[in-house]
Each structure stands twice: as structure tokens, then as C-alpha cells.
> 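Got a structure here, written out as C-alpha cells. Questions coming.
Every value quoted in this text rests on a predicted model; they were computed, and no experiment measured them. For the numbers below, each heavy atom of this structure counts, side chains included, while hydrogens, waters and symmetry mates do not.
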Amino acid sequence: MIPRARHVVAAALSSALLALPAFTGIANAVPTGKVYAVPLTKTTDDVKRVADYWKPDKLKKADSYTPAAPGAKSSPSASPAGGAAGPRAPSPAAVRVSSTAKKKSATTVAAPTPPRNATVAKTDGKVYFRYGVKEYWCSASAVAARNRSVVATAGHCAFDPRQAKAAEYWIFVPNPGENGETPDGIYVGASISMHEDWSGRGDYDYDYAFVTVHRGFKWVAKNGAYVMEDVGRLQDNVGGQGLELNRKPGTYTAVAFGYPGGEQPDGSRPFDGKKRHMCKDGPTSWTVAPSYDLQKGVRLQPCDFSSGASGGPWLIGYNRERGLGHLNGVNSLNWNSDAQGRFDAVSSPYFDAITGQVYRHAATTVVLSNVV
């Protein structure tokens, strides 16, 4: 996850990582079978500490931060210059349990849900976070869940397996404005749910994370200062995408969304990271990338997303009028398979029954009932 020769993309994971606050990290992680959960914020004081970090003045320049990306592939078999994800962290001591989700046919786990008081969903947005002393951003989307408080993104947008540490100051901003506006609120991360092979090995077959978030808030100017104003739960405000598993590549098409902003292989920057872009309904196929331990990746082509789109949703059965579909992947790796000037494909981990376990853990995680 370092800049590549010829195909330079911004690194998501800085080599100069600092220690995280006491309430995050492996020391407090909870292994549950193949699910690895890491708390981010537990108390209202924790939430306010993160909120204070992202005051309006800071959010206004957030798009100038580094768009996070794990790297790019010049061909399915090529090894990127400089290595893949750096030294591997040891696997966490997790107790494995038998999976209760054995069904291999396509399975709908969650139905798409509109906002509470609207018919059109607005689930996509950006996540902002910090590794060490440097801020980054990624793409993400809200997913329908029992606790109405789940965000889907890429694993590398929430946890660094090289250092075995979670991202700091993690927030989700749905539908961000181009000048730092937060029309649908700011949602502080409560807990990351991921596959243990991402947290322990950096295996890109599991480069996804479901982050449970606390109730949202907005900054409101009062008497010359900013104060937090509660806006409620994420899903109530923006809706949630459905979730479908075990859909074999080649049997469906998908649309992908994201906020790309990084360089293309030729050094150009056709995207500025401020606007949401879509790769139109395209075919899917299996793909592998041995240098990333990706053995069962799914490729969507054509798609010219660059860094910053990481974590954005793949949706099948997308309804433009409602803004809803079924999540079946997230942007993970950018591909330049024809070795030309622009990326031409994006890939996602395959969403299978194990993905469902990770999602269910996030969907049942309890969050604070009040953050203001």
C-alpha cells in the first residue's frame, strides 16, 4: 500500500503510524468465529472527542486529504513494485466456530430500505479517518440493518493489518457537499466488524468492513461557537441498501459508485473527489491477484475509478428512482489490465456466507442512544 512505480496511487496506510487511543486496537478486539470486531468509540466522551476533531473548518478542506487506495494492478498476474501490503501482522488468536450460513445459492440477507420520511434513498457518502498523523478519505454506503446504523466500506478504509490497528477519528458523511457541508449528518464509528483474515493477514479476499455507527449529529453555530445537534439514526435519515450473497460472477451485472480523486496511471486526474461517480451497469467475472492474496475476487469492467473510490458500493438490481438496490461488493482494487493511460476495471471481494456473518455482527452491535 505504497506508491507504485509507473502506476502511482495514493497510499492508504502510512508507514509512520502512531499509537491509537486506549479505546481502540487489538487489545480490545472481540473475535467471534471468523468475525473480528474492534471497538472505535464506546462513550459519549469518545464520540465528542472524534466530533471535535472534525469541526466544520476542518471538513471544508477534507477533500485535500489523501484519497485512500490499496494499490493498482497492471495485469492480473503482475506483482506491483514495492510489494503488496507490507509485512504481515500475525493472525489474531481468534476462536473459530462453525458457520451457521452454509447455503451456497444466492441469498438475500437484507432488503433495501428507504429513509423513514422519504421515498428516495441517499445512502452513499465518504468516510474520513486518520492513520498516524495523516488524514485520508474513502467511499462508503449505508446498509439496511436491525440497528439501523451500519456502513459498508473496504477493509483498508478502516483497519491496517500491517500494524494491527484501526483507523482513528473514523466518521461517515453521507452525501457530503463540495465545501464540507454535511446535509444528512456526521456519524462517528462505534465498532468495526471484519473478517479475521483481513485483520490478521491483510488477505484481499476479505477487504471489506461493516462499521456500526452511533447516532448522527450536525454542527450548529450558536453564540459564536459550534454545538452538536442530534439528527437521529443513519438508516432513518438516508435509507439502507439491501445485501445479497453468493451471487456468482458472470450471472449478473452491477453498478459501482464512489468518490474517485486519485491519479490515473498516466498521471492525469479526471476526478476531483468532490462528486459521486457511477460505473454503469457492467458485466462481472472472477479475477485473482496472488500478490494481494486475492483468490476469489470479482471484477467489474469497464470502470475507470481511481483511488478515493475504495469502499464504494456495488449494487445489483439498482433502481435509479428509489436510489436502492442490493449490495454485492465494494470497490477494493483498481486495475489497468490493458496497460494504457487509465484504469479500466475495479474489483471486489466475493460476498459469500462468511460476509453475512460479519454483516450480522455489525447489524446487532449496540450503539449509544444519545451522543449530544
Side-chain angles (χ1 to χ4, degrees), residues 7 9 67 69-70 72-73 76 106 108 112 114 119-126 137-143 152-154 157 174-176 178 207-208 238-245 247-266 268-287 297-351:
H7 307 302
V9 294
K73 304 297 295 178
T108 297
T119 58
V120 179
K122 302 175 292 181
T123 62
D124 295 350
K126 298 171 75 171
W137 52 265
C138 275
S139 302
S141 62
V143 184
T153 190
C157 298
N175 309 294
E178 295 188 21
D207 182 24
Y208 54 79
V238 303
Q241 299 296 338
L243 179 64
E244 185 162 312
L245 310 174
R247 184 69 82 94
K248 291 183 179 179
T251 66
Y252 68 94
T253 60
V255 295
F257 294 94
Y259 290 80
E263 286 186 344
Q264 294 285 338
D266 62 5
S268 66
R269 287 182 178 268
F271 307 117
D272 62 7
K274 294 178 180 291
K275 300 179 182 66
R276 187 187 74 153
H277 291 271
M278 178 181 75
C279 284
K280 296 181 180 179
D281 209 16
T284 55
S285 60
W286 290 110
T287 191
V298 183
R299 182 185 294 200
L300 176 64
Q301 194 168 15
C303 186
D304 60 353
F305 282 168
S306 58
S307 56
S310 289
W314 288 24
L315 300 177
I316 57 177
Y318 180 64
N319 184 311
R320 288 173 178 264
E321 286 71 32
R322 300 181 66 212
L324 290 170
H326 284 84
L327 183 73
N328 195 48
V330 294
N331 301 319
S332 174
L333 291 169
N334 303 322
W335 294 70
N336 182 24
S337 57
D338 61 5
Q340 298 300 312
R342 292 181 70 141
F343 296 119
D344 57 11
V346 65
S347 67
S348 166
Y350 177 57
F351 274 23

> Closest heavy-atom contact between G262 and S306?
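Closest approach of G262 to S306: O-OG, 3.0 Å.
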> Mind listing the closest non-hydrogen atom pair of G308 and S139 along with its distance?
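Heavy atoms only, the tightest pair is O-OG, 2.7 Å.
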> Please, which pairs that meet salt bridge (charged side-chain N to carboxylate O under 4.0 Å, His left out) have at least one residue in residues 302-325, sequence neighbours excluded?
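Counting only pairs at least two positions apart or across chains, the salt bridge (charged side-chain N to carboxylate O under 4.0 Å, His left out) contacts touching residues 302-325 are D304-R342.
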> If the condition is side-chain hydrogen bond (donor to acceptor under 3.5 Å, both in side chains), which residues does T119 pass it with, not counting sequence neighbours?
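Here no residue qualifies.
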> Could I get the full list of side chain to side chain contact (heavy atoms under 4.5 Å, CB included) partners for T108, not counting sequence neighbours?
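E244, H326.
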> Can you see which heavy atom on S307 is nearest to which on N334, and at what distance?
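Closest heavy-atom pair between S307 and N334: N-ND2, 3.5 Å.
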> How would you list, by chain and number, every residue that makes a ring pair (Phe, Tyr, Trp, His ring centres under 6.0 Å) with F351, sequence neighbours excluded?
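Ring pair (Phe, Tyr, Trp, His ring centres under 6.0 Å) check on F351 returns Y208.
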> Heavy atoms, side chains only, cut-off 4.5 Å: are P67 and Y259 in contact?
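Not in contact.
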> For the backbone of G258 and the side chain of N331, can you confirm whether one donor and one acceptor N or O come within less than 3.5 Å of each other?
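No; judged by distance alone, with no hydrogens or angles, the pair does not exist.
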> Measure the spacing between CD of Q241 and OH of Y318 and express it to the nearest 0.5 Å.
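So the gap between those two atoms works out to 7.0 Å.
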> Not counting sequence neighbours, which residues clear ring pair (Phe, Tyr, Trp, His ring centres under 6.0 Å) with Y252? List them please.
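Y252 satisfies ring pair (Phe, Tyr, Trp, His ring centres under 6.0 Å) with no other residue.
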> Who passes side-chain hydrogen bond (donor to acceptor under 3.5 Å, both in side chains) against N319, sequence neighbours left out?
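For N319, no residue satisfies side-chain hydrogen bond (donor to acceptor under 3.5 Å, both in side chains) once neighbours in sequence are set aside.
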> Would you please name every residue forming a side chain to side chain contact (heavy atoms under 4.5 Å, CB included) with A140, sequence neighbours left out?
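Side chain to side chain contact (heavy atoms under 4.5 Å, CB included) list for A140, sorted by chain: V127, V151, T153, F172.
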> Indicate the atoms forming the closest heavy-atom contact of A254 with L300, along with that distance.
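A254 and L300 have their closest heavy atoms at O-CD1, 3.6 Å.
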> Counting C-beta onward and ignoring hydrogens, is there a side-chain heavy-atom pair between P265 and F343 closer than 4.5 Å?
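In short, these two side chains touch, coming nearer than 4.5 Å.
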> Would you please name every residue forming a side chain to side chain contact (heavy atoms under 4.5 Å, CB included) with S347, sequence neighbours left out?
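In terms of side chain to side chain contact (heavy atoms under 4.5 Å, CB included), with neighbours along the sequence ignored, S347 is linked to T287, L294, L333, W335.
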> Search all heavy atoms of S332 against all heavy atoms of S348 and return the closest pair with its distance.
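Shortest heavy-atom contact: CB-CA, 4.2 Å.
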> Could you pull out all donor-acceptor pairs under 3.5 Å where a side-chain atom in residues 270-278 meets a protein atom, sequence neighbours excluded?
residue, atom, partner, partner atom, Å
D272, OD1, K274, N, 2.9
K274, NZ, E178, O, 3.3
R276, NH1, D124, OD2, 2.8

> Got I316 and W314 here, is their nearest side-chain heavy-atom distance under 4.5 Å?
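Heavy-atom side-chain distance check fails, nothing below 4.5 Å.
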> For S268, check side-chain hydrogen bond (donor to acceptor under 3.5 Å, both in side chains) against everything at least two apart and list the hits.
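With neighbours one apart ignored, the set is D266.
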> Measure across L327 and A152 and return the closest heavy-atom pair with its distance rounded to 0.1 Å.
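Shortest heavy-atom contact: CD2-CB, 3.7 Å.
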> Output all residues satisfying side chain to side chain contact (heavy atoms under 4.5 Å, CB included) with A121, sequence neighbours left out; order by chain, then residue number.
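P115, T123, L324.
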